[in-house]
Structures are given as structure tokens and as C-alpha cells.
Amino acid sequence: KLLAGATATHCTECDGDRKNKPITGMEILWGLKKDGTAYVDGEILDPKTGKIYDCDVKLDGPNKLKVRGYLGFSLIGRTQYWYRVK
């Protein structure tokens with residue numbers, strides 16, 4: 001077990017080839033298809049839970065990426081904003 005506030009370093013909850021692999025450098029987004037200014041119909045892995053969700057991604061400014069993960073259809077899901085590290 002990890003101490004409170006610590007972050008996992010390996011994907012212990014993942015299945016298959018990802019099981020117990022380091023999270024750093026792991027491919028967590030795949031299968032996205034360009035649709036205008038967005039990328040849709042991809043999948044995203046949550047390495048904390050090992051679950052895979054459907055995913056859409058869109059650039060929301062020069063340094064901000066809107067990432068939407070969901071089950072089945074986009075109304076039921078969660079949006080995160082990822083920021084470019086300089």
C-alpha cells in the first residue's frame with residue numbers, strides 16, 4: 001500500500017500487457033480519429049483503476065487540451081483539462 005498523498009508508479013490494476021508496468025511512459029490514449037478540429041472515437045486508460053473508457057480530445061487554446069472520457073455516450077463521463085508543460 002502507498003502512503004496517503006503518494007502516487008502509484010505501476011499500473012497494478014491494469015489487465016494484460018499493462019499489468020504491473022510503469023505508468024511513466026505508458027500509452028494511455030489510442031485510436032483517436034481526426035474530425036475537424038477534434039479527435040474522436042478513441043480510448044483512454046485510467047491507470048489508477050485499470051479501466052478503459054471511450055475518449056474525445058480537443059485543443060482548447062494553444063496550451064490547453066480538453067480530454068473527455070465516458071462510457072457509451074459522451075453525456076455520462078468526465079472532462080479533464082491537460083496543460084502543456086513548458
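Every value quoted in this text rests on a predicted model; they were computed, and no experiment measured them. Note that the numbering runs from 1 along the sequence shown for the chain.
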Q. Got a donor-acceptor contact below 3.5 angstrom from the Asp56 side chain to the Ala38 backbone?
A. no

Q. Can you check side-chain contact (heavy atoms from CB on, under 4.5 Å) on Leu32 and Asp41, steps first, answer last?
A. CA-CA 5 Å; Leu32 292 162; Asp41 297 331; over 6 Å; no

Are [X] and [Y] grouped together when hydrophobic residues (ILVMFWY) are joined by side-chain heavy atoms under 4.5 angstrom apart?
X: Trp82; Y: Ile52; answer: yes
X: Leu65; Y: Tyr53; answer: yes
X: Val40; Y: Leu71; answer: no
X: Ile23; Y: Leu29; answer: no

Under 4.5 Å between any side-chain heavy atoms of [X] and [Y], yes or no?
X: Cys55; Y: Glu43; result: no
X: Trp30; Y: Ile44; result: no
X: Lys58; Y: Val67; result: no
X: Arg18; Y: Met26; result: yes
X: Leu45; Y: Cys14; result: yes
X: Glu13; Y: Asp46; result: no

Q. Taking all atoms of both residues into account, what is the closest heavy-atom pair of Pro47 and Cys11, and its distance?
A. O-SG, 3.5 Å

Q: For Tyr83, check side chain to side chain contact (heavy atoms under 4.5 Å, CB included) against everything at least two apart and list the hits.
A: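 Listed in chain order: Lys64, Tyr81.
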
Q: Any chance you could measure Arg68, atom CZ, to Thr79, atom OG1, to the nearest 0.5 Å?
A: 3.5 Å

Q: Look at atom NZ of Lys19 and say whether more than 12 heavy atoms of other residues, nucleotides or ligands are closer to it than 6.0 Å.
A: yes

Q: Please test Tyr70 against Ile76 for side-chain contact (heavy atoms from CB on, under 4.5 Å), starting from the C-alpha separation and ending with a verdict.
A: CA-CA 6 Å; Tyr70 54 92; Ile76 299 175; 5.8 Å; no

